[in-house]
K.L.:
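Take a look at this one; I'll ask things after.
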Amino acid sequence: MPAPAAEPTPVPVLHTAAELRALPRRGRRAVVMTMGALHEGHAALVRAARERTGAEGQVVVTVFVNPLQFGTGEDLDRYPRTLDADVVVAAGAGADAVFAPPVEEVYPGGEPEVRISAGPMGERLEGASRPGHFDGMLTVVAKLLHLTAPDLALYGEKDAQQLALITRMVRDLNFPVEVEGVPTVREPDGLALSSRNRYLSEAERTTALALSRALFAGRDAVAAGGAGPREVRRAAEAVLAEAGRARPPLVPDYLALVDPAHFTEIPAEPGVYEGEAVLAVAARVGTTRLIDNVRLRLGRPGGVR
Ligand SMILES: Nc1ncnc2c1ncn2[C@@H]1O[C@H](COP(=O)(O)OP(=O)(O)OP(=O)(O)O)[C@@H](O)[C@H]1O
Ligand SMILES: CC(C)(CO)[C@@H](O)C(=O)[O-]
Ligand code: BAL
């Protein structure tokens, strides 16, 4: 029996900078950068990109697992690589093309000597836990912005510190692109969608629900009647402490209440800081490290987004 014909790819998949340059530009171009293993969170970014550019515009999705942003002992080798399925998800959400270069195409000379420095914000929270991560992330984002030359680039609020740093890089270094954040997509039970969720066993996933529960507890404390930073942290910490006794246990890395532009810690005293804040958490369950965050408004009782 003849082998079944391969399914045609629904959109062009480009692997080289030259192929990308040859892609005819059409209207306003948006880019959605990913490391692949696409899920509904990524699809939401692509749909938002499609909406912003309109039918006459162009949406390019990049799929690239960037070695430069992984530290020693992290999950670079086991990170899921599922390009065929990714192309289907990207096309289904409205992408016009996928750019999926091999490592040698992005780093033809090996590791770059010249990199973007993320500065002080890049050393806090995620940066403290993953030294060098944000320099590596910004370096590849800068390269992908040059390669794709978009008018608009969209990133998820799930990676809030990453989004703040990209926004800052674009402003500080005059990249000619507009940056837009897209709200976090969650499972019905609250778990933020993440490619790393697929590492979790059922029991680990149950424990991992404490991340979003802790964040919601902090946010609800504000909504219930003007809790200050100290109460917000306490409410979230209580949930994390309980999950620390679960089987398997949650092992928190950090819980922090920070300002969204610089990611500096907000003072505990009520009224010192007023405005938007980010309550961010990172924790390990088994061998999987997950992050999540919510936005809340401090200083005005009941002001929750
Ligand atoms: N649940 C989500 N909601 C909205 N955006 C998301 C979500 N998860 C990821 N994104 C965004 O998708 C883009 C690509 O992220 P990435 O490919 O690293 O996916 P991820 O699911 O965050 O994977 P990881 O497990 O590596 O954290 C980023 O801008 C990221 O913020
Ligand atoms: C922005 C990004 C694609 C850079 O590798 C990555 O950090 C991600 O997927 O969030
Ligand atoms: N979504 C964040 C990319 C990383 O964990 O390296």
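In what follows, residues are counted from 1 in the order of the sequence shown. Ligands are counted one by one from 1 in listed order, and the atoms in each one are counted from 1 as well.
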K.L.:
If we only count N/O pairs under 3.5 Å, is Thr34 in contact with ligand 2?
P.N.:
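Thr34 vs ligand 2: no N/O contact under 3.5 Å.
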K.L.:
Counting only heavy atoms closer than 4.0 Å, does ligand 3 sit against the backbone of Met137, its side chain, both, or neither?
P.N.:
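Answer for Met137: neither.
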K.L.:
Run the numbers for me: atoms of ligand 1, each under 4.0 Å from some heavy atom of Leu193, listed by number.
P.N.:
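Matching atoms, with element in brackets: 1 (N), 2 (C), 7 (C), 8 (N).
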K.L.:
Using a strict cut-off of 4.0 Å, indicate which atoms of ligand 1 neighbour a heavy atom of Arg196.
P.N.:
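Heavy-atom distances to Arg196 below 4.0 Å select 24 (P), 25 (O), 26 (O), 27 (O).
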K.L.:
Tell me whether Ala192 has any N or O atom under 3.5 angstrom from an N or O of ligand 1.
P.N.:
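By distance alone, the answer is no.
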K.L.:
With a heavy-atom distance limit of 4.0 Å, tell me whether Pro183 approaches ligand 1 through its side chain, its backbone, both, or neither.
P.N.:
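Near ligand 1, Pro183 shows its backbone, while the atoms from C-beta on stay back.
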K.L.:
Any N/O of Thr34 closer than 3.5 Å to an N/O of ligand 1?
P.N.:
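There is no such contact.
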K.L.:
Is the backbone N or O of Ser194 less than 3.5 Å from a side-chain atom of Lys158, with the two atoms forming a donor-acceptor pair by type?
P.N.:
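Checked: no pair found.
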K.L.:
Using a strict 4.0 Å cut-off to heavy atoms of Asp159, name the atoms of ligand 1 that fall inside it.
P.N.:
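The atoms of ligand 1 under 4.0 Å from a heavy atom of Asp159 are 22 (O), 30 (C), 31 (O).
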K.L.:
Does any N/O atom on Thr184 come nearer than 3.5 Å to any N/O atom on ligand 1?
P.N.:
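N/O-N/O distance under 3.5 Å: no.
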K.L.:
Identify, for atom 22 (O) of ligand 1, the protein heavy atom at the shortest distance, and state residue, atom and that distance.
P.N.:
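Looking only at protein heavy atoms, the one closest to atom 22 (O) of ligand 1 is Lys158 NZ, 2.7 Å.
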K.L.:
Can you tell me which portion of Met33 lies within the under-4.0 Å heavy-atom range of ligand 2? Options are side chain, backbone, both, or neither.
P.N.:
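Near ligand 2, Met33 shows its backbone as well as its side chain.
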K.L.:
To the nearest 0.5 Å, what is the distance between CD on Glu265 and CG on Leu125?
P.N.:
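Answer rounded to 0.5 Å: 7.0 Å.
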K.L.:
Could you say whether the N/O atoms of Met35 and ligand 1 ever approach to under 3.5 Å?
P.N.:
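The answer is yes, given that Met35 and ligand 1 share an N or O pair closer than 3.5 Å.
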K.L.:
Considering Arg186, Glu187, His42, Gln69, which one's heavy-atom position lies nearest to atom 15 (O) of ligand 1?
P.N.:
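Closest candidate by heavy-atom distance is His42.
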K.L.:
Nearest non-hydrogen contact with atom 4 (C) of ligand 3 belongs to which option: Glu126, Met33, Arg130, Gln162?
P.N.:
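Ranked by closest heavy atom to atom 4 (C) of ligand 3, first place is Arg130.
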K.L.:
Who's the nearest protein heavy-atom neighbour of atom 23 (O) of ligand 1, and how far?
P.N.:
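Residue, atom and distance for the closest contact: Tyr79 OH, 3.1 Å.
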K.L.:
Pick whichever of Ile291, Leu45, Val185, Val182 has a heavy atom sitting closest to atom 5 (N) of ligand 1.
P.N.:
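Residue with the shortest heavy-atom distance to the ligand atom: Leu45.
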K.L.:
Considering only heavy atoms, which of Gln69, His133, Gln161, Arg196 lies nearest to atom 5 (O) of ligand 3?
P.N.:
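It is Arg196 whose heavy atom sits nearest to atom 5 (O) of ligand 3.
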K.L.:
Write out the residue and atom name of the closest protein heavy atom to atom 2 (C) of ligand 3, then the distance separating them to 0.1 Å.
P.N.:
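The closest one turns out to be Asp159 OD1, 3.3 Å.
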